[in-house]
Amino acid sequence: MSSDPDAGAPVAGAVDDDAPAAAPTSAAATGTLTNPRRVRHRARVRSLRGLLMASPPLLLIAAFTGFPIVLAIAYSLGHTGGLNSTTALIAQHQHVKTEWWGTLGAYREVLTNERFQRDLRVTLLVTVVSTTVVLALALIIALYLRLAGGWAAKALTVVSVVPMFIPVVIASWAVLMFYAPDGFLRSLFAQVGLEGPTFGYTVTAIIIAQVWCSLPFAVLMCASGVQAVPDALIDAARDSGAGLVRTTFSVILPMAFVPIVIAATFTAIGIIGSFTVPYFTGPTAPTMLGVDMANYFTAYNRPQQSIVMAVVVFVAASLIAVTYVWANFRSSKESGA
Amino acid sequence: MTTGLQLEGLHKELGGRTIVENLSLDVATGELVCLLGPSGCGKTTTLRMIAGFLEPESGRVVVAGHDVTSLPPEKRPSAMVFQNYALWPHMTVTKNVAFPLRLAKRPRAEIAERVAKVLELVNLTHHKDSRPGRISGGEQQRTALARALVQEPAVLLLDEPLSNLDAKLRVRVREDIREIQQRLGITTVMVTHDQDEAMAMADRIAVMNDGRIEQVSSPQELYSDPQTEFVATFVGSLNKVEGRLEPHGLTPEAGLTSAIRPEAVAVVPASSDGALDAEVVRVTPHGHFAEVKVKTLGEVELVSFVTGPPPAEGDQVGVRLGEVWRFRDGKRVR
């Protein structure tokens, strides 16, 4: 059997080596003279114009987000002068720099604090458990919609997106009222003479509320990812002998990998830095770092320690974001780009 | 000759519309049968019923003597090559091809051996570690074929397998598929709307129209002896006139259609014996032949294929008619 005339010419996302050579030939054929220096100049002007168009939002971000972050990190390292002097003037228990670069006093104080360590553990636990539950529920709904279809699946998808339109503060309050010691669930149990569980003001309540609030976005992402898998690829798997479970794990989920990772990372980053849900539904202690940061900043008037906690949360969120970048990289590699 | 595949009275409705109506077809073991027809005639629906993706309202699908009508696709002894190849982009060529064997829990050594053998058969060994996005359309098509062949199916199903390839490559790949199919002796059903493809590849062609099979014949018989007006029109070029067309002219006759292939219309010098007088209306060169449209004195327009030097437009010529078919209510009458 002979090979194709087009063998080796990638179908998608590949660079055509002949393309640059073809351009001058066709230009010459039509009698148009092309000056390479002018072409390069035009390309430079085009890229400069693009940069100029993108610069206003970039400058805004740099001025109103980037610069305050730099100031805050400097303050956490004990740089209490300059633009940090006003905060430093009223803050309590702050560490002032001892070296030219600053001091790690605030970091040492926070990271060795047992309360912080416990709250960090709770924050990570809530993030991991909630994200896992959200992802599992979102995938079950998305797969049900993809494979079963019908009105029941569509209704389930619509219902699962409803929490998106309910403000987090109201949802948190509703969860609390439902699971509180004098809440709906215990009242219901009491009607039949049973002792119902109490989740209000517990870490469990935080997880339940986090799942409630994060589910809609995850469902939308996962459903769109799973829906995007072409029917033919699922049919091909079944034709090859794969049942429903094998088709799901070997074809559908790997192909919807990027949207699933995006859903997971966005959910995890949203939860790790959350304030409203743990503030309303969780216990006073232990609690999540979002609440701790607010307390240290306002109630305890210790902004330096609050910033240290923010840096820790930022580092954790960055690690999650690396997963997102890796998933995107893997995706473009797979597609042959 | 044993029967590799039997379709008995298949009937399918979708959205309240009949898509396939009481369709029966026997395919001999090792035979390649093409389902040929226009879009929406029910050929892909028939193929999907054979594969198990669609359940017929009535009728049976029998593969090598076993009724598989109620079996899901994964349990059927058939393998399909999809129109868009349906290769899994996250797997390499080898993994795509090995997937059915891994599902069948074959030993690792056997999988490696069978995959290597089939990749060699389709000339893809050099791309075994490439992902589908990195290989050409023709190579993707051959990967899909390899994935189907590695299962050693009792019936191979091809759903417009060449429609996404460019014209030149299509000819090459169809020869490759035919050669492999004949070498392995696999019972094959192929769906296509391209009559050239069907003519070049099939042992027999089943022409479908409106959910029914109009005629099942060898390619040559289908062309030279069509049993319905639809088949005569769909396969090849055709001159059609209302009434009874005879060598000496056209006689009006209600409900009768006469048809003649352009190659059965001979353009001869004017006033030749037994020829109708005509005028050349249009000449369209096609390289190795010219399409010459003539109008007879009886206002009958006919197209002829002329291989020699064609006459000029406006020339007075004679037209000699070969075999004329006659159809009444779409059916051939003698």
Side-chain angles (χ1 to χ4, degrees), chain A residues 1-18 147-150 225-226 228-261 326-337, chain B residues 48 51-53 72-76 78-91 95-96 99-104 120-124 126-127 130-142 144 147-148 150-151 153 157 159 164-166 168-169 172-173 175-176 179-180:
Chain A
M1 183 167 169
S2 52
S3 60
D4 289 338
D6 67 340
V11 161
V15 177
D16 184 358
D17 292 338
D18 295 339
L147 298 171
V226 167
V229 178
D231 283 343
L233 297 193
I234 295 173
D235 285 348
R238 296 191 66 201
D239 191 61
S240 297
L244 205 63
V245 176
R246 194 61 198 258
T247 302
T248 301
F249 283 97
S250 293
V251 175
I252 300 176
L253 293 185
M255 288 203 62
F257 179 74
V258 173
I260 291 170
V261 170
W326 168 76
N328 273 319
F329 177 70
R330 201 186 103 152
S331 159
S332 49
K333 202 175 157 193
E334 265 178 14
S335 64
Chain B
R48 290 180 70 80
F53 295 120
E74 59 267 29
K75 306 266 186 218
R76 296 199 181 194
S78 56
M80 188 155 162
V81 176
F82 293 81
Q83 189 173 0
N84 296 321
Y85 321 130
L87 298 174
W88 302 298
H90 58 289
M91 297 184 197
K95 283 186 176 165
N96 263 283
F99 188 69
L101 300 179
R102 279 174 47 215
L103 290 173
E120 201 182 322
L121 184 74
V122 297
N123 194 20
L124 268 180
H126 57 297
H127 276 310
S130 306
R131 288 186 193 271
R134 286 276 176 194
I135 57 177
S136 71
E139 287 157 350
Q140 288 184 32
Q141 202 283 334
R142 298 205 310 259
R147 183 177 63 188
V150 83
Q151 301 173 56
L157 306 171
D159 185 9
N164 288 329
L165 302 177
D166 61 62
K168 204 172 167 188
L169 191 56
R172 170 77 56 82
V173 175
E175 285 167 7
D176 290 345
E179 184 198 324
I180 291 169

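Residue numbering restarts at 1 for every chain, and letters A, B, ... go by the order of the sequence lines.
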When the 4.5 angstrom heavy-atom criterion is applied to A:Ser250 and chain B, the contacting part is both
Do you know the tightest heavy-atom contact between A:Arg238 and B:Pro72? NH2-CB, 4.1 Å
For B:Ala86 against A:Ala232, the heavy-atom pair lying closest together: CB-O, 3.5 Å
For A:Arg246 against B:Leu103, the heavy-atom pair lying closest together: CG-CD2, 3.1 Å
Taking atom CG of B:Asn84 and atom CG of A:Asp231, what is their separation to the nearest 0.5 Å? 11.5 Å
Nearest heavy-atom neighbours spanning A:Ser240 and B:Trp88: OG-CH2, 3.7 Å
Under 4.5 Å from a heavy atom of chain A, the part of B:Ala104 involved: neither
Ignoring hydrogens, what is the shortest heavy-atom contact between A:Ala236 and B:Arg147? Give both atom names and the distance. CB-NH2, 3.5 Å
Heavy-atom distance under 4.5 Å to chain A: side chain of B:Leu87, backbone, both or neither? backbone
Quick one: pull up CZ in B:Phe99 and CG in A:Asp239 and give me the separation to the nearest 0.5 Å. 11.5 Å
Options A:Asp235, A:Thr247, A:Val251, ranked by heavy-atom pairs under 4.5 Å with chain B, top entry: A:Asp235
Atom pair NE2 (B:His90) and CG (A:Leu233), whose distance is rounded to the nearest 0.5 Å: 9.0 Å
Contact origin within B:Arg48 toward chain A - heavy atom pairs under 4.5 Å: side chain
